[in-house]
Amino acid sequence: MRDRTSFLRPDLAQLAAYTPHPGGETPAIVDRLDTNESPLDLPTDIKSKLAWAYQEQIEANRYPDGSHQELKKAIAEYTTESANLNDSLNTDNISVGNGSDELIRSILIATCLGGNGSILVATPTFSMYAILAKTLGIPVVTIARDETDFSLDIAAAQQAIESTDNPPIKVVFVVHPNSPTGNVLADKELDWLKSLPENILVVVDEAYFEFSQTSIVGEIKQRNNWIILRTFSKAFRLAAHRVGYAIANPDIIRVLEKVRLPYNLPSFSQIAVSVVLQQRQLLLPLVQETIEERKRVYSVLQQNSHFQVWQSQANFLYLRLNNIDRNHQDSLLAKVTASLKAEGTLIRHTGGGLRITVGTPQESDRTLARLEKQVSLLINN
Ligand SMILES: *Cc1c(COP(=O)(O)O)cnc(C)c1O
């Protein structure tokens with residue numbers, strides 16, 4: 001058959017598109033615990049403020065503010081205050097993206113595009129680094145993690161950096177705490193990242209910072225080759241608005257600003273972020289409730305002998321089935337995930353385990369009951 005798309009890059013034919021909820025749609029989804037969103041929508045009075053802002057402040061016929069100055073100022077204040085930094089961050093330390101996904105892509109464009117570099121990731125981890133790299137034709141070098149605490153295999157990472165050329169590794173992506181496994185960077189991992197030469201960029205994705213309350217932001221001013229990524233999609237409950245930000249030194253920020261699209265952030269999203277930052281005293285206490293709920297769900301899972309569950313510093317938990325080898329594990333977990341989905345519960349099967357978002361107590365209870373039922377059906381058969 002004649003190839004009617006021969007103008008396309010051949011490597012894209014092999015690439016699978018990112019599917020947020022794989023396996024097709026289910027009629028009535030009740031519990032969406034697969035994407036680590038906040039279980040609660042914004043409070044009604046905040047939504048009313050936003051509706052008013054749309055009515056009164058946004059001129060739909062005008063392009064959004066492409067400089068993001070107000071937004072950057074508010075973000076710089078929030079990041080400075082939340083880390084108790086003496087040396088405050090300024091607007092020239094911040095770049096704002098259409099989700100952190102856009103920032104990841106900008107980083108890849110600014111560093112590795114056109115055969116300039118490869119990236120290093122340690123799996124299991126956030127899948128977008130590798131997916132976006134591949135869409136840009138950027139090679140991805142993958143190393144493993146320790147299967148007990150999910151720390152990076154540092155010897156393998158160092159080996160990869162020393163032996164990869166053509167093109168060499170230019171960016172290392174880590175998540176702090178990691179998704180899907182929930183562990184924060186340990187001291188030995190941080191020491192290794194600090195030991196990397198200045199011609200390698202270190203990206204520390206702190207999407208779950210509000211839950212972990214640990215950050216490397218205090219290091220940024222001393223480190224010209226580090227970038228932090230954060231998002232409003234998780235603790236701030238704004239996943240629908242697609243806003244993320246990068247924190248780094250001005251030299252890096254200037255380049256991220258060059259490669260992004262000029263009007264990357266809709267006016268309504270910019271206003272939404274200003275409002276949630278103003279209202280953070282009202283919104284962020286939910287984080288503490290989520291942490292308490294995470295502890296409760298953890299202890300329920302831990303008491304069930306079928307499961308091995310890991311401590312998490314984020315708003316999700318990661319688990320595997322006890323005493324079952326990797327291949328069998330994956331086929332059982334695929335069945336469990338599909339059965340739960342048929343019942344109306346979405347969880348994520350990834351990296352050889354299950355990642356379950358901490359939802360409301362009702363959502364968690366329903367999910368735990370369904371999970372325990374499906375697993376005992378499978379294991380006892
Ligand atoms: C959820 C998540 C993000 C957020 O991405 P957005 O594009 O800002 O919604 C980024 N990194 C990690 C590791 C995540 O889990």
Side-chain angles (χ1 to χ4, degrees), residues 3-20 22 35 66 68 94-143 152 157 160-161 163-176 178-180 193 196-207 224-231 233 242-249 251-265 350-351:
D3 178 5
R4 289 182 293 142
T5 55
S6 55
F7 42 81
L8 296 176
R9 274 166 42 202
D11 57 323
L12 291 179
Q14 268 82 54
L15 241 183
Y18 179 78
T19 41
T35 44
H68 314 152
I94 309 288
S95 181
V96 194
N98 193 281
S100 356
D101 290 348
E102 187 197 10
L103 293 160
I104 295 165
R105 179 143 69 183
S106 294
I107 290 168
L108 293 166
I109 292 171
T111 53
C112 296
L113 197 65
N116 199 53
S118 305
I119 68 164
L120 181 73
V121 294
T123 52
T125 196
F126 189 48
S127 58
M128 287 312 292
Y129 313 125
I131 292 173
L132 292 172
K134 286 175 191 161
T135 66
L136 296 169
I138 294 170
V140 180
V141 179
T142 302
I143 56 149
L152 311 175
I161 289 207
S163 63
T164 307
D165 45 16
N166 208 4
I169 290 170
K170 287 282 169 69
V171 188
V172 176
F173 283 94
V174 291
V175 196
H176 181 50
N178 189 42
S179 171
L193 294 170
L196 289 173
E198 283 229 326
N199 64 353
I200 294 178
L201 180 68
V202 175
V203 180
V204 181
D205 187 334
E206 295 187 353
N224 280 318
N225 60 327
W226 286 25
I227 302 188
I228 296 174
L229 297 180
R230 301 253 187 98
T231 181
S233 301
R242 310 299 303 121
V243 187
Y245 57 101
I247 311 168
N249 279 312
D251 292 343
I252 302 180
I253 294 297
R254 262 194 297 279
V255 176
L256 295 181
E257 294 284 304
K258 277 188 205 176
V259 302
R260 70 169 169 84
L261 295 175
Y263 300 113
N264 61 337
L265 262 196
T350 179

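Atom set for the values below is all heavy atoms of this structure, side chains included, hydrogens, waters and symmetry mates excluded.
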With a sphere of 6.0 Å drawn around CZ of Arg105, does it hold more than 12 non-hydrogen atoms of other residues, nucleotides or ligands? no
For the side chain of Lys170 and the backbone of Asn116, is there at least one donor-acceptor N/O pair under 3.5 Å apart? yes
How long is the span from the CZ atom in Arg242 to the OG atom in Ser100, to the nearest 0.5 Å? 7.0 Å
Does a side-chain heavy-atom distance below 4.5 Å link Thr231 with Val243? no
Just how far is it from atom OH of Tyr263 to atom CG of Leu265, taken to the nearest 0.5 Å? 13.0 Å
Is there a side-chain contact between Leu256 and Ile107, using heavy atoms and a 4.5 Å cut-off? yes
Where is the tightest heavy-atom contact between Ile253 and Ala248, given as atom of each residue plus distance? CG1-O, 3.7 Å
Can you tell me how far CD of Glu257 sits from NE2 of His68, rounded to the nearest 0.5 angstrom? 7.0 Å
Heavy atoms of Tyr245 and Ile94 approach each other most closely as CB-CG2, 4.3 Å
Would you say Val171 and Ile169 make side-chain contact, with heavy atoms under 4.5 Å? no
Quick one, Ile227 and Val202 - any side-chain contact, counting heavy atoms below 4.5 Å? no
Determine whether Val172 and Val203 satisfy the following criterion, side-chain contact (heavy atoms from CB on, under 4.5 Å), listing intermediate values before the conclusion. CA-CA 6 Å; Val172 176; Val203 180; over 6 Å; no
Please tell me whether Asn264 and Asn98 have a donor and an acceptor in their side chains that are separated by less than 3.5 angstrom. no
For a side chain to side chain contact (heavy atoms under 4.5 Å, CB included) with His176, tell me which candidate from Leu229, Val204, Ile228 qualifies. Val204
Listing, residues 118-140 side-chain donor-acceptor contacts under 3.5 Å, not counting sequence neighbours, or none:
unit_1 : atom_1 : unit_2 : atom_2 : d
Ser118 : OG     : Pro167 : O      : 2.8
Thr125 : OG1    : Asn178 : OD1    : 2.8
Tyr129 : OH     : Asp205 : OD2    : 2.7
Thr135 : OG1    : Leu132 : O      : 2.7

Could you check Leu113 against Leu108 for side-chain contact (heavy atoms from CB on, under 4.5 Å), going step by step and ending with a plain yes or no? CA-CA 6 Å; Leu113 197 65; Leu108 293 166; over 6 Å; no
State the CG-CD1 distance between Asn224 and Ile252, to the nearest 0.5 angstrom. 7.0 Å
How long is the gap from OG on Ser233 to CG on Asp101, to the nearest 0.5 Å? 8.0 Å
Quick one: pull up CG in Leu193 and CH2 in Trp226 and give me the separation to the nearest 0.5 Å. 5.5 Å
For the pair Asn225 (side chain) and Ile200 (backbone), establish whether a donor and an acceptor sit closer than 3.5 Å, ignoring hydrogens and angles. yes
